[in-house]
Each structure stands twice: as structure tokens, then as C-alpha cells.
Protein chains: 2
Amino acid sequence: MATIADVAKRAGLSRATVSRVLNNHPNVTEDKKRLVREAMEWLNYVPNSTAQRLRNQKTDTIAILVPVLTNPFFAYLLEAMDMVATKNQLQLLICQTRYSKQKELDFLELLRTKQVDGLILTSYENEWKQIEPFSAFGPMVLCNEYERHTKVPIIRMNQFEASYIGTRHLIEQGHKRIACTCGDKSNLAKDRQAGYRKAMADQGLLVEEEWMFSNVFDIEDGKRVLRTILNLREAPTAVFTGSDQVAAGMIMAAKALGKKVPDDIAVIGFDDQPIAKVVEPSLTTIRQPIEELGKTAMEVLIDLIAYKKDTKHQEILLPYDLVIRDSTMSKLKSISI
Amino acid sequence: MATIADVAKRAGLSRATVSRVLNNHPNVTEDKKRLVREAMEWLNYVPNSTAQRLRNQKTDTIAILVPVLTNPFFAYLLEAMDMVATKNQLQLLICQTRYSKQKELDFLELLRTKQVDGLILTSYENEWKQIEPFSAFGPMVLCNEYERHTKVPIIRMNQFEASYIGTRHLIEQGHKRIACTCGDKSNLAKDRQAGYRKAMADQGLLVEEEWMFSNVFDIEDGKRVLRTILNLREAPTAVFTGSDQVAAGMIMAAKALGKKVPDDIAVIGFDDQPIAKVVEPSLTTIRQPIEELGKTAMEVLIDLIAYKKDTKHQEILLPYDLVIRDSTMSKLKSISI
DNA sequence: TCCTACGTTGTAATCGATTTCAGAAAACGG
DNA sequence: CCGTTTTCTGAAATCGATTACAACGTAGGA
């Protein structure tokens with residue numbers, strides 16, 4: 001592999017001059033430029049980027065921490081981030097934590113060991129006080145998650161409000177007994193639960209604790225939980241889920257049990273993923289502005305890297321949408337309207 | 001940021017000794033080891049990995065080229081590769097080509113500029129003769145794609161056979177007019193088409209060129225193409241698709257037009273993605289061994305990197321499965337059996 | 001006691017680039 | 001034609017690690 005020294009020798013010039021040509025320094029005569037170019041071509045020279053990184057003290061690489069790639073929500077989020085990164089000549093190091101605290105910490109080390117110029121966290125497993133210290137080692141942004149007392153910039157949707165609206169929609173369809181499957185311990189999930197609870201309380205509806213479910217993520221979880229719900233004494237007539245995957249699983253399980261959606265049991269999803277339109281009945285869901293989330297998070301991070309200014313706290317809230325389809329609106333009713 | 005020199009100074013030792021402790025060299029006394037460890041702790045020292053990369057001439061990073069992350073097939077493939085990579089302390093640089101020839105070439109440069117130790121190609125856009133030369137710059141593996149005359153190792157499924165079996169299944173259900181939507185110009189697609197054609201020919205069935213469709217990838221494409229198919233004079237009664245996404249789109253469009261699947265039009269998918277079980281009727285499909293593909297490709301690449309031996313050509317063929325569900329088997333028929 | 005062998009440590013070269021600084025050459029003004 | 005400024009180029013330091021080699025000290029054998 002040819003190095004800059006080889007090019008210099010062949011061109012009969014110094015390494016410094018070659019480097020100048022490489023970086024378009026103004027003060028090099030056309031003559032020497034040509035010599036250098038010819039030598040580079042002849043030797044098939046390509047600068048070694050590791051050496052450049054060491055010398056320039058930057059990597060042009062951003063780490064993105066996601067739980068899993070196979071969750072479409074994160075795939076689309078990454079897609080949006082990638083668009084912006086590419087435009088800015090940045091590489092993405094995609095890090096799957098698989099919901100492991102240890103892996104998360106390992107990946108955060110990337111910032112400390114200067115393997116990346118910045119980092120985006122799209123969810124986290126550890127306590128925030130374990131994570132925050134890493135933000136001292138390099139720019140960091142929180143996307144789709146949040147933390148109240150921190151200087152790390154946050155880009156997210158108002159989960160509380162969105163959940164409130166979603167739950168209220170179910171109530172407006174006449175449901176009084178509504179289950180909720182969005183609760184794990186993340187702040188995001190807590191917000192969703194809080195939104196759900198407030199909507200219920202505002203309409204004077206009681207929430208039974210046996211209607212609340214945690215750790216419900218995918219299609220199989222959805223099937224399992226729906227069967228549990230239908231077996232409850234005085235079973236709920238609607239479910240506010242935290243994910244389209246879960247809602248889709250519920251619809252499948254309901255049909256398998258001979259129950260009609262939404263007449264026997266109504267279901268609302270979250271995200272508006274492609275699957276929402278594929279299931280039958282199609283899913284009423286809360287659209288998240290995924291592209292906006294990813295795009296904005298990346299832009300904020302790039303700003304942070306460029307200006308190296310002390311992170312002044314900022315929180316960007318993006319808008320949601322309630323998308324009403326068939327899994328909450330009885331066809332009979334909608335015709336009668 | 002503390003460097004190895006700072007540690008050395010604080011420990012009252014040389015950089016060499018610190019480095020030896022870092023790399024568990026045997027010949028360092030416990031005494032000095034302790035001194036070094038204390039200094040490292042005190043200074044919060046972490047080795048700069050860029051410097052290590054430069055010195056050691058390796059990056060411990062693998063590039064994976066995929067068209068898009070949002071296609072679940074590739075998400076699952078990456079998931080499998082990530083498992084093996086993580087186990088081997090390797091980082092993955094995930095590169096989305098978005099079906100762009102230029103981007104593909106840009107990413108291949110990673111190998112030439114020594115930014116990665118190896119590269120896996122999961123599909124490609126350029127001519128193979130554009131791509132092959134890059135394999136001279138570093139280890140490269142082809143996964144889920146193939147090329148006849150090359151020394152680059154190949155890990156794939158027999159698309160020809162799988163498509164033959166899939167098409168034959170449709171024929172066995174009594175279909176004689178079968179459309180095919182798997183044709184673009186990749187070798188993979190050509191194989192699928194060839195398998196389809198052979199199955200048809202073996203049963204003495206004719207293939208009309210207007211039944212063949214190219215560039216059909218996602219749900220929307222599926223909807224669009226199905227409408228076209230149903231508008232043909234003497235419309236086909238079955239479709240052999242190249243993807244579960246497409247097949248799912250077709251089922252939705254068929255239902256919207258009041259057609260029954262599989263009685264009016266039967267559909268077979270490809271991949272056995274989660275969506276295959278979600279749609280109604282559920283999809284008959286050809287299961288690809290995604291985990292095996294990803295895992296094996298990564299293992300072969302790691303071997304290649306470790307032994308630096310000249311790539312002896314190898315081609316690994318993994319098995320497929322025909323998964324029969326409702327989109328090809330009329331309920332009436334299956335009951336009557 | 002002297003010589004060899006081995007274990008331990010440090011010095012300095014190295015990986016492949018960029019950049020400061022200083023000197024040479026060219027341009028310019030009077 | 002000389003002094004000053006500007007433009008161009010190269011030598012050498014630098015980024016932060018690893019490692020070949022040399023040097024030193026100590027233990028063991030004769």
C-alpha cells in the first residue's frame with residue numbers, strides 16, 4: 001500500500017507538499033500539483049484514514065445506540081438519521097444494545113475512547129445517572145427518550161399528550177374498561193401510562209391494576225396478553241397498546257378466538273408502521289414523526305460537534321397524529337354516522 | 001484527555017512499560033503493574049483507539065453493505081451478523097446504499113482506505129467487474145448474492161431451486177396462468193425467474209411475457225402490480241412474488257377489489273417475514289435461512305481476516321423451506337382432502 | 001569469582017498523515 | 001539595483017500508541 005512518503009519520493013517533492021495538494025492548500029504551484037497528482041495516480045495512492053483521524057483528532061463517525069434493528073420503529077429512525085449523516089459526510093456506527101445494560105455501557109465507551117465524534121441515544125437501559133457522565137467526553141443527544149434534569153439535548157414527541165388523545169378516542173367510542181400495555185420503567189413508558197391514566201380520570205373512569213401490563217413489545221407478546229385480557233373477570237372492551245406490533249398480535253389472537261375487532265374488543269396501536277395498514281381490521285394508531293425525530297436529532301448533534309459550545313439544554317417537541325382506522329371504529333357505527 | 005505519556009510520567013516509568021501492562025505482556029513485575037494501574041486510574045486513562053489502529057494496522061471493524069435498513073430481510077440479516085461480530089469484538093459499520101451505484105462504490109472505498117478490516121456485500125448494483133477489483137484491497141464476502149466466476153466466497157440459498165419448488169406448489173394447486181414479479185437484473189432475481197420458468201416448462205405450461213414484472217419491492221408496488229395483473233386479458237390466477245412485502249400488498253389490493261385469495265387469485269411470498277403470518281389470509285412463502293446466512297457470512301469473513309490466506313473460492317449453499325399457509329390453499333379444498 | 005542466561009526496563013523507531021516554522025525564491029516598489 | 005513583501009517548499013515536530021533492540025541487574029553454574 002502506497003503511503004504519502006512514496007508519493008513524495010516519486011514526485012520528487014516533500015511529504016508536506018503532497019499533503020498540501022491533498023488538502024487543496026492554496027499555495028502550491030500548478031506544476032507541482034500536477035507532479036503530485038501523477039505520482040498518486042501511478043501509485044494508486046489513497047490516504048490512510050486512520051492516520052488522518054489520529055492527526056486531525058476527529059473520526060467523522062457518529063454512534064447511534066438502538067435496542068434492536070429488527071424493530072421497524074428504529075429501522076426507520078436510523079434511515080432518517082442516515083440521510084442527514086450521509087449529506088454531512090459522516091459515517092454511522094450502529095450499535096445494538098439488545099436491551100443489555102452492559103452493552104449499553106460498552107458502547108458509551110466509544111465516546112470516551114474517542115472512537116466517535118458524537119453519540120445519539122434512542123433509548124436506554126441503565127439509570128440516567130450512570131449515563132450522564134459520558135456526556136462529558138463528547139457530544140451526546142437523546143432522541144425519543146427524555147430525562148428531566150440534564151444538559152443533554154432532547155428530541156422527542158409528547159408521549160403524554162399523544163397517549164391522552166389516544167385513550168380519549170377509545171373512551172369517545174363508548175369504552176369504559178380499557179387495558180393498557182405500554183408500561184415498562186422508561187420515562188417514555190411512564191409518560192404514556194400517565195397520559196392514559198389522566199384520560200381515564202378526566203372522564204371519571206376507574207383503572208383496575210390488573211389491566212396494566214409491562215414488557216409487551218412484539219407480535220407474540222400481543223397475542224399472549226390479549227388472551228390474558230379476555231380471560232379477566234369483566235374483561236376490558238378496549239386496549240391502549242404501546243406499539244403497532246403488539247396491537248397487530250392482539251388482532252390476530254382475537255380473531256383466532258372468534259372475537260370481533262373492534263366490536264368485541266377495540267385496539268389502538270402506536271407508531272403507524274406499515275403493519276398498521278396490513279392487518280385486518282386496519283389499525284387506529286398514533287403516528288410518530290419518525291423522520292423528523294431522526295433528522296432533527298442528527299442535525300442537533302452535528303451542530304453540537306461543529307460549535308463545541310457548552311451544551312445549553314434544549315428540548316425539541318415534535319407533533320403527533322391520531323390516525324383513525326378500523327380497529328377502533330365499528331363499521332356499523334361509522335356507517336350510521 | 002490523558003495519554004500513555006501522562007500515565008508513564010505519573011507512574012515514574014516509560015511509555016513502553018505502560019503499554020506492556022496494557023497488553024498483558026508477561027515480563028512486567030507486579031510492582032510496576034500496580035504503579036501503572038494506579039496511575040491509569042488516577043488519570044482516568046483510556047487508550048486512544050485511533051492510535052492503536054494506526055500502529056496495529058487493523059480496525060476491528062467490518063463494513064456491511066445493504067440496500068436499505070427498513071427492509072426487514074436486511075434488518076434480520078444484520079441482526080444475525082451483529083451477533084457473531086459482537087462475540088468476536090468487532091464493530092459493524094452498516095452502510096446503506098439505497099440502490100445507488102455511486103454510494104456502493106463510495107462504500108467499497110472503505111476497504112481500499114483501510115477503514116475496515118473486511119466487507120460483506122448483501123446485494124449490489126454495479127457490474128461485478130466494477131466490484132471485484134476491490135477484493136484485492138481486503139477480505140470480502142458475498143452474502144445472499146452470487147457471481148459465477150470469482151474468488152470471493154459466497155454464502156447464499158439456492159434461489160433457483162426454491163423458486164422451482166414454490167412455482168410447482170402453485171401448479172399443483174391447479175393454476176396454469178401464473179404471474180411472476182421477481183425479475184430485476186441481479187443474478188438472484190434471474191435465478192428466481194429461471195426456477196419459475198423451468199417449473200412452468202416442466203409442466204408444459206406457457207409463460208406470457210406480460211406476466212413478468214420487474215422492480216417490484218414493497219407493499220405499494222405489490223398493490224399496484226396486482227391491479228395491473230387483474231386487468232390483463234385472461235388474467236393469471238396466481239402470482240409468484242419475490243417478497244412477502246409484495247405478496248402482502250397484493251392480498252390487500254385483491255381484497256379491496258372484492259377478490260378472494262386464494263380462490264380468485266393465489267399468492268406466494270418469499271422470506272417468511274413476520275408479516276407473512278399477520279396478513280389474512282396468511283401467506284404461503286419460501287422461508288430463507290436468514291440467521292444462518294448472516295452468521296455464516298460473518299464467520300467466513302472472520303476466518304478470511306484471521307488467516308489472510310488467499311481466498312480459495314468457496315460457495316456455501318443453505319437450505320430453504322416451503323411454508324404452506326392460506327394464501328395458496330383454498331380452505332374448501334383443504335377441508336375436502 | 002567470573003561468565004552466561006534470563007528477566008525487566010528504557011530508548012528510539014515506527015505506523016501515515018498534518019502543520020508550524022523557517023528559509024529560498026519570486027514579485028514588487030522605489 | 002536593492003530592500004521588502006509575498007509565495008512557495010521542505011525539515012521536523014506532532015498525534016498516541018507498539019515493539020525491536022539495547023542495557024542493566026540478578027541468579028545460577030563452573
Side-chain angles (χ1 to χ4, degrees), chain A residues 1-40 43-61 109-117 137-138, chain B residues 1-40 43-61 109-117 137-138:
Chain A
M1 206 59 207
T3 73
I4 199 171
D6 301 327
V7 176
K9 192 193 291 177
R10 181 149 227 284
L13 294 164
S14 72
R15 305 200 321 266
T17 305
V18 177
S19 174
R20 289 197 186 96
V21 174
L22 228 48
N23 296 283
N24 305 312
H25 240 264
N27 296 342
V28 182
T29 54
E30 281 306 323
D31 237 24
K32 320 264 160 169
K33 265 190 206 164
R34 195 176 42 72
L35 281 174
V36 170
R37 296 246 165 74
E38 280 168 11
M40 295 205 295
L43 293 166
N44 237 310
Y45 170 76
V46 192
N48 177 313
S49 57
T50 304
Q52 290 179 314
R53 288 179 177 199
L54 175 58
R55 177 63 223 219
N56 296 334
Q57 301 284 45
K58 57 176 195 144
T59 62
D60 292 325
T61 302
E109 283 289 326
L110 292 170
L111 210 52
R112 201 149 80 102
T113 57
K114 301 277 177 267
Q115 295 190 63
V116 297
D117 292 345
F137 302 124
Chain B
M1 208 59 207
T3 72
I4 200 171
D6 302 326
V7 177
K9 194 195 288 178
R10 180 147 227 285
L13 293 165
S14 72
R15 307 204 314 272
T17 306
V18 176
S19 174
R20 289 195 186 98
V21 174
L22 228 48
N23 295 283
N24 305 312
H25 244 263
N27 297 342
V28 183
T29 54
E30 280 307 322
D31 237 24
K32 320 264 161 173
K33 263 188 206 164
R34 196 176 40 73
L35 281 173
V36 170
R37 296 247 165 75
E38 281 169 11
M40 295 204 296
L43 293 166
N44 239 311
Y45 169 78
V46 193
N48 178 312
S49 56
T50 303
Q52 290 180 313
R53 288 180 178 197
L54 176 57
R55 178 61 223 217
N56 296 334
Q57 301 283 41
K58 57 178 195 140
T59 63
D60 292 324
T61 302
E109 283 288 326
L110 292 170
L111 210 52
R112 203 150 81 105
T113 58
K114 301 279 176 266
Q115 295 189 62
V116 296
D117 291 346
F137 302 126

| query | Starting at NZ of A/Lys9 and ending at P of D/dG10, how long is that distance when rounded to a whole Å? | reply | 15 Å
| Separation of atom CG in A/Asp6 from atom P in C/dG16, rounded to whole Å | 9 Å
| Could you state the CG-P distance from A/Asp60 to C/dT18, rounded to the nearest angstrom? | 13 Å
| For B/Thr29, which residues count as a side chain to side chain donor-acceptor pair (under 3.5 Å) partner, sequence neighbours excluded? | none
| A/Asn27 side chain: which of D/dC8, C/dT8, D/dC15 is closest? | D/dC8
| note | Sorted by chain and number, sequence neighbours left out, side chain to side chain donor-acceptor pair (under 3.5 Å) with A/Asn24 holds for none
| task | Could you note down all residue pairs passing salt bridge (Lys or Arg N to Asp or Glu O under 4.0 Å) where residues 12-32 of chain A supplies at least one of them, sequence neighbours left out? | result | A/Glu30-A/Lys33, A/Asp31-A/Arg34
| remark: Applying side-chain contact (heavy atoms from CB on, under 4.5 Å) to A/Asp60 and not counting sequence neighbours gives A/Lys58, A/Leu90, A/Asp117
| remark: note: B/Lys33, atom NZ; C/dG7, atom C1'; distance rounded to Å ~ 13 Å
| said: Output the rounded distance in Å from CD (A/Gln115) to C1' (D/dC15). | reply: 16 Å
| task | Would you name the heavy atoms of B/Lys114 and A/Thr50 that are closest together and state the gap between them? | result | O-OG1, 4.0 Å
| note | note: A/Lys58, atom NZ; C/dT18, atom P; distance rounded to Å ~ 12 Å
| said: Does D/dC8 have OP1 or OP2 under 4.0 Å away from a side-chain N or O of A/Lys32? | reply: no
| query | Is the backbone N or O of A/His25 less than 3.5 Å from a side-chain atom of A/Asn23, with the two atoms forming a donor-acceptor pair by type? | reply | no
| request: Rounded to 10°, tell me the angle between the two end axes of the helix from C/dT1-D/dA30 to C/dG30-D/dC1, each built from five pairs. | output: 50°
| Roughly, in whole Å, what's the span from CG in A/Leu54 to P in D/dC15? | 9 Å
| said: Output one letter per nucleotide in nucleotides 17-25 of chain D: B when a protein non-hydrogen atom lies under 4.0 Å from the base, S when only the sugar-phosphate is that close, - when neither is. | reply: BBBB-----
| field | Any residue meeting side chain to side chain donor-acceptor pair (under 3.5 Å) with A/Gln52, in chain and number order, not counting sequence neighbours | value | none
| request: Only counting residues at least two apart or in another chain, list the ones meeting side-chain contact (heavy atoms from CB on, under 4.5 Å) with A/Thr61. | output: A/Arg53, A/Thr59, A/Gln91, A/Leu93, A/Val116
| query | B/Glu30 CD to C/dT8 C1': how many Å, rounded? | reply | 13 Å
| query | Between A/Thr29 and D/dT7, does any side-chain N or O lie under 4.0 Å from OP1 or OP2? | reply | no
| request: Using side chain to side chain donor-acceptor pair (under 3.5 Å) as the criterion, list what pairs up with B/Lys9, not counting sequence neighbours. | output: none
